[in-house]
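Data first, discussion second: the structure below is written as structure tokens.
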Number of protein chains: 2
Amino acid sequence: MGLTKTEEFTAEQNAIASIAKAIGHPARVAILEYLISSKTCITGNIVDQLPLSQSTVSQHLKELKSVGLIKGSIEGTSVCYCINEEVWEKSSNRLNQLFNHFQIENNCC
Amino acid sequence: MGLTKTEEFTAEQNAIASIAKAIGHPARVAILEYLISSKTCITGNIVDQLPLSQSTVSQHLKELKSVGLIKGSIEGTSVCYCINEEVWEKSSNRLNQLFNHFQIENNCC
DNA sequence: TTTCTTTATCGTAATATTGCAATAAATAAA
DNA sequence: TTTATTTATTGCAATATTACGATAAAGAAA
């Protein structure tokens, strides 16, 4: 075991979960906040900002990229990562839909 | 290792991450959706809705409860779980703050 | 070419998560 | 009291995640 039963849930449920999971680590939250607030996006700068080793940061970047929240473009020897606008907005909408669906009047207890 | 360096990040970053982490599993998304849409909230009904064993569902409920997204009240032999309004709204705001902070104009690439 | 800089990947270790069956605990019903 | 019913907990196995050092890969600079 230790294996999520993905097939048993809807595509939408899995999509929401995978976005949330990607955001579910403080280092990745910090990376996203950094990319949002800074004009530059060179990996080296991100590594300098975080209390983690270069290889660990690279791994976190890979995870954020794999769910599409960020995208990277090669610039010479370095790589520039930034927010992937389309996925960012879609993710925001998906989470909002979950959160906004709740109505206090309908809460059962 | 395998241990997140929590102390190295801000309280806000950790808070956002732990909420997201709790939502980061399709079964927990399904539980939340069920609690939002249904008028009843008895654990047994939740178990019936999910393709997982009773003990596994109980564990997922525990996780959602531990971050405060849901709360449970005992009703005889059964337990009634529902959305915790205050935490729900605060969590929504926290995630919105992250998502809304991004401005396309400022994206670096 | 050689060396430096930058990022990705590999290997490894430790911890966490997912899932289930079995069982405990606690109230309700017979 | 005895038996159901309902949920939580324990114990276990399998997989995933986190983190780091070492190293590879690839372009830039000397």
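Within every chain, numbering begins at 1; the chains are lettered A, B, ... in the order of the sequence lines, protein sequences first and strands thereafter.
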Does Asn45(B) or Gly76(A) map to a spot on DNA chain D nearer the 5' end, using the closest nucleotide for each?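 Whichever sits nearer the 5' end wins; that is Asn45(B).
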
Which nucleotide in the list [options] gets nearest to the side chain of [X]?
{"X": "Thr77(A)", "options": "dT18(D), dT6(C), dT9(C)", "value": "dT6(C)"}
{"X": "Ser78(A)", "options": "dT9(C), dT18(D), dT6(C)", "value": "dT6(C)"}
{"X": "His25(B)", "options": "dT5(D), dT9(C), dT18(C)", "value": "dT18(C)"}
{"X": "Arg28(B)", "options": "dT18(D), dT18(C), dT9(C)", "value": "dT18(C)"}
{"X": "Ile42(B)", "options": "dA8(D), dT17(C), dT7(D)", "value": "dT7(D)"}
{"X": "Leu3(A)", "options": "dT27(C), dT15(D), dT18(C)", "value": "dT15(D)"}
{"X": "Ser53(A)", "options": "dC20(D), dT18(C), dA26(D)", "value": "dC20(D)"}
{"X": "Ser58(A)", "options": "dT9(D), dT9(C), dT18(D)", "value": "dT9(C)"}
{"X": "Gln54(B)", "options": "dA22(C), dA22(D), dA19(D)", "value": "dA22(C)"}
{"X": "Glu63(B)", "options": "dT18(C), dT18(D), dG21(D)", "value": "dT18(C)"}

Decide yes or no for Phe99(B) and Asn93(A): does some side-chain heavy atom of the first lie under 4.5 Å from some side-chain heavy atom of the second?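 Not in contact.
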
More than 12 heavy atoms of other residues, nucleotides or ligands under 6.0 Å from CD of Glu89(B): yes or no?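 No - once you tally the heavy atoms of other residues, nucleotides and ligands closer than 6.0 Å, there are 12 at most.
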
Just wondering, are more than 12 heavy atoms of other shown residues or ligands nearer than 6.0 Å to CD in Gln97(B)?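 Incorrect, the count does not exceed 12.
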
Checking side-chain polar atoms at under 3.5 Å, does Thr56(A) have a donor or acceptor matched by the opposite partner on Ser53(A)?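 Side chains of Thr56(A) and Ser53(A): pair found under 3.5 Å.
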
Using heavy atoms to find the nearest nucleotide of DNA chain C for Ala27(B) and Glu75(B) separately, return the residue whose nucleotide is more 5′.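 Upstream on the strand: Ala27(B).
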
Where each residue is assigned the nucleotide of DNA chain C containing its nearest heavy atom, which of Val79(A) and Gln59(B) is assigned the position nearer the 5′ end?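 Taking each residue's closest nucleotide, the earlier one in sequence belongs to Val79(A).
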
Distance check needed: dT18(D) P versus Asn14(B) CG, whole Å only.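 Asn14(B) atom CG is separated from dT18(D) atom P by 13 Å.
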
Tell me what Thr43(A) touches on the nucleic acid: a base, only sugar-phosphate, or nothing, going by heavy atoms under 4.0 Å.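 The answer is sugar-phosphate, as Thr43(A) gets under 4.0 Å only of primed atoms, P, OP1 or OP2.
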
Using a heavy-atom cut-off of under 4.0 Å over every strand shown, decide if Ile74(B) touches base, sugar-phosphate, or nothing.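 Here Ile74(B) touches no strand at all.
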
Give the cluster check for Ile42(A) versus Val57(A): same hydrophobic cluster or not, with ILVMFWY residues linked at side-chain heavy-atom distances below 4.5 Å.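 Ile42(A) does not cluster with Val57(A).
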
Could you tell me whether the phosphate oxygens of dT17(C), OP1 or OP2, come under 4.0 Å of any side-chain nitrogen or oxygen in Lys21(A)?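 No, because none of the side-chain N or O atoms of Lys21(A) sits under 4.0 Å from OP1 or OP2 of dT17(C).
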
According to a strict under-4.0 Å criterion, is Tyr81(A) in side-chain N/O contact with OP1 or OP2 of dA8(C)?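 Result: yes.
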
